[in-house]
Amino acid sequence: IAMTIAGFFALAIFNVVEINFWIFATFQRRVGVYFWSLLIASWGIVFHAVGFLLKFFRLCTNDYVNVGLIVVGWYAMVTGQSIVLYSRLHLIVPDGRKIRWILGLIVVNFFLFHIPPTILLFGSNSPNPAPFLEPFAVYEKIQITAFSTQEFIISALYIWEARKMLQSLANIKREEARSVMVHLILVNILMILMDVTLLGTEYANQYSIETTYKSTLYSIKLKLEFSILNRLRALVKSRNQSTFS
């Protein structure tokens with residue numbers, strides 16, 4: 001297990017370094033929700049991975065420090081990645097109500113499924129952990145299911161809207177548009193499948209594997225999102241230029 005944890009850690013950090021290189025190489029103007037959510041989500045992966053590495057290998061014996069790193073990283077990594085997807089929804093979803101509904105879902109889930117597990121996690125690593133261990137184990141499954149469902153809903157919305165856009169984009173760079181839309185659909189299907197594997201490790205009670213696998217999984221998902229969302233932005237920009245001309 002130690003080698004598996006170390007391998008997941010190395011892969012997650014490598015992916016974050018690559019993501020940050022492409023972020024700073026791509027963005028000329030380093031402003032906006034998309035830029036900052038990408039940056040925060042990527043560094044959340046680092047904090048999350050480092051926190052668990054310190055905890056599992058006892059490189060830091062202060063569990064409050066370890067848990068603090070894990071929690072900060074978890075917030076940024078999970079909710080940050082949903083904000084990344086939310087920030088580009090306007091490129092493909094014409095209905096502002098759906099976009100506002102997604103933002104509301106993210107905010108509500110943050111308070112319902114980040115805050116209670118945080119309290120339980122700190123309690124589980126306190127001098128008197130016994131009262132917190134069982135509730136934490138239960139809520140851990142609830143929160144990972146809730147966040148996976150949230151990401152499934154956002155991915156399903158992208159898939160649905162991409163399918164509808166295939167026809168409307170057909171007369172503007174037909175092959176390029178089809179390629180981007182198919183890429184978008186496939187990436188979101190793949191992200192749903194990756195969430196299923198994460199749920200599998202959680203419900204199999206493989207806590208050590210699940211927590212370190214999560215960092216790697218989110219780093220891979222962020223790379224996929226960064227690639228396709230930039231292609232989508234370029235396509236929509238091209239369509240708008242063609243419309244105005």
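- Between I19 and S42, the shortest heavy-atom contact is CG2-CB, 4.2 Å.
- Between F47 and G73, the shortest heavy-atom contact is CB-CA, 3.6 Å.
- With hydrogens and angles left out, the side-chain atoms of Y86 and S37 include no donor and acceptor closer than 3.5 Å.
- Rounding to the nearest 0.5 Å gives a distance of 6.0 Å between CD1 of I144 and OG1 of T201.
- Side-chain contact between P116 and Q143 is absent, with no heavy-atom pair separated by less than 4.5 Å.
- There is a path of hydrophobic side-chain contacts, each under 4.5 Å, that joins V72 to L53.
- Counted within 6.0 Å of CZ on F14, heavy atoms from surrounding residues, nucleotides or ligands total 12 or fewer; the atom is thus considered open.
- Atom CG of L190 sits about 8.5 Å away from atom CG of L186, to the nearest 0.5 Å.
- A donor-acceptor distance shorter than 3.5 angstrom exists from the side chain of T216 to the backbone of F8, with no hydrogens or angles considered.
- A side-chain contact (heavy atoms from CB on, under 4.5 Å) with I228 is found for one member of K223, M181, H183 and no other, namely H183.
- Other residues, nucleotides and ligands contribute more than 12 heavy atoms inside 6.0 Å of the CD atom of E18.
- In this structure, the side chains of L89 and L85 stay at 4.5 Å or more apart for every pair of heavy atoms.
- Annotation for S124 and P129: closest pair O-CB, 3.1 Å, computed over non-hydrogen atoms.
- The neighbour count for I1 CD1, taken as heavy atoms of other residues, nucleotides or ligands under 6.0 Å away, does not exceed 12.
- Ring geometry, H114 versus F110: the interplanar angle exceeds 60°, so the pair is classed perpendicular (tilted spans 30 to 60°).
- When atom types are taken as modelled, the side chain of S148 and the backbone of T145 share no donor-acceptor pair closer than 3.5 angstrom.
- For Y158 (side chain) and V187 (main-chain N/O), no donor-acceptor pair under 3.5 Å exists by modelled atom type.
- Residue M3 is not grouped with residue L11 when hydrophobic side chains (ILVMFWY) are merged at heavy-atom distances under 4.5 angstrom, including chains of intermediate members.
- Between the CG atom of L222 and the OG atom of S227 there is a distance of 11.5 Å, given to the nearest 0.5 Å.
- For the pair I154/S82, a side-chain contact is recorded, criterion being any heavy-atom separation below 4.5 Å from C-beta on.
- Note that the CD atom of Q206 and the OG1 atom of T211 stand 10.5 Å from one another [nearest 0.5 Å].
- The main-chain N or O of M194 is found under 3.5 Å from a side-chain atom of T197 such that the two form a donor-acceptor pair.
- To the nearest 0.5 angstrom, E202 atom CD is 7.0 Å from K214 atom NZ.
- F9 places none of its side-chain heavy atoms less than 4.5 Å from the side chain of F56.
- The nearest pair of heavy atoms linking A41 to V84 is CB-CG2, 4.5 Å.
- Clustering ILVMFWY residues whenever any of their side-chain heavy atoms sit less than 4.5 angstrom apart, transitively, puts L229 in the very cluster that holds W22.
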Going through the checks in order, is the side-chain contact (heavy atoms from CB on, under 4.5 Å) test met by V50 and L54? CA-CA 6 Å; V50 168; L54 295 176; 3.9 Å; yes
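- In summary, R58 and D63 engage in a salt bridge, as defined by a charged side-chain N under 4.0 Å from a carboxylate O.
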Derivation and outcome, side-chain contact (heavy atoms from CB on, under 4.5 Å), residues L39 and R30: CA-CA 10 Å; L39 206 59; R30 293 163 186 175; over 6 Å; no
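- Atom CZ of F122 has more than 12 neighbouring heavy atoms from other residues, nucleotides or ligands inside a 6.0 Å radius.
- E210 has its side chain out of reach of Y213: every pair of non-hydrogen atoms, C-beta onward, lies at least 4.5 Å apart.
- Side-chain contact between L217 and D195 is present, with heavy atoms from C-beta onward closer than 4.5 Å.
- Of all non-hydrogen atoms in F35 and V31, the two that sit nearest each other are CB-O, 3.5 Å.
- Judged purely by atom type and a 3.5 angstrom limit, T79 has no side-chain atom pairing as donor or acceptor with the backbone of A76.
- The cluster map of Ile, Leu, Val, Met, Phe, Trp and Tyr, joined by side-chain heavy atoms under 4.5 Å apart, puts I159 and V182 in different clusters.
- For the 3.5 Å distance criterion, the side chains of N15 and K221 fail to qualify, holding no donor opposite an acceptor.
- Ring centroid separation for the pair F136 and F132 does not come in under the 6.0 Å cut-off.
- Follow the hydrophobic side-chain contacts under 4.5 Å out from M191 and you never reach W160; the two are in separate clusters.
- At a threshold of 4.5 Å between non-hydrogen side-chain atoms, the residues Y139 and F113 count as touching.
- For the pair M77 and S219, the minimum side-chain heavy-atom distance is 4.5 Å or more.
- For the atom pair CG of L224 and CG of N188, the computed distance is 9.5 Å after rounding to the nearest 0.5 Å.
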Run L198 and Y218 through side-chain contact (heavy atoms from CB on, under 4.5 Å) and show every step you take. CA-CA 10 Å; L198 184 63; Y218 271 86; 4.3 Å; yes
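- Nearest heavy atoms, C60 versus N66: O-ND2, 2.9 Å.
- Taking the ring centre of Y34 as origin, the terminal cationic atom of R88 falls inside the region bounded by 6.0 Å and 45° from the ring axis.
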Test side-chain contact (heavy atoms from CB on, under 4.5 Å) on L38 and F27; report intermediate values, then the result. CA-CA 11 Å; L38 275 170; F27 286 87; 3.9 Å; yes
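- Side-chain N or O atoms of T212 include one that pairs as donor or acceptor with a backbone N or O of I209 at under 3.5 Å.
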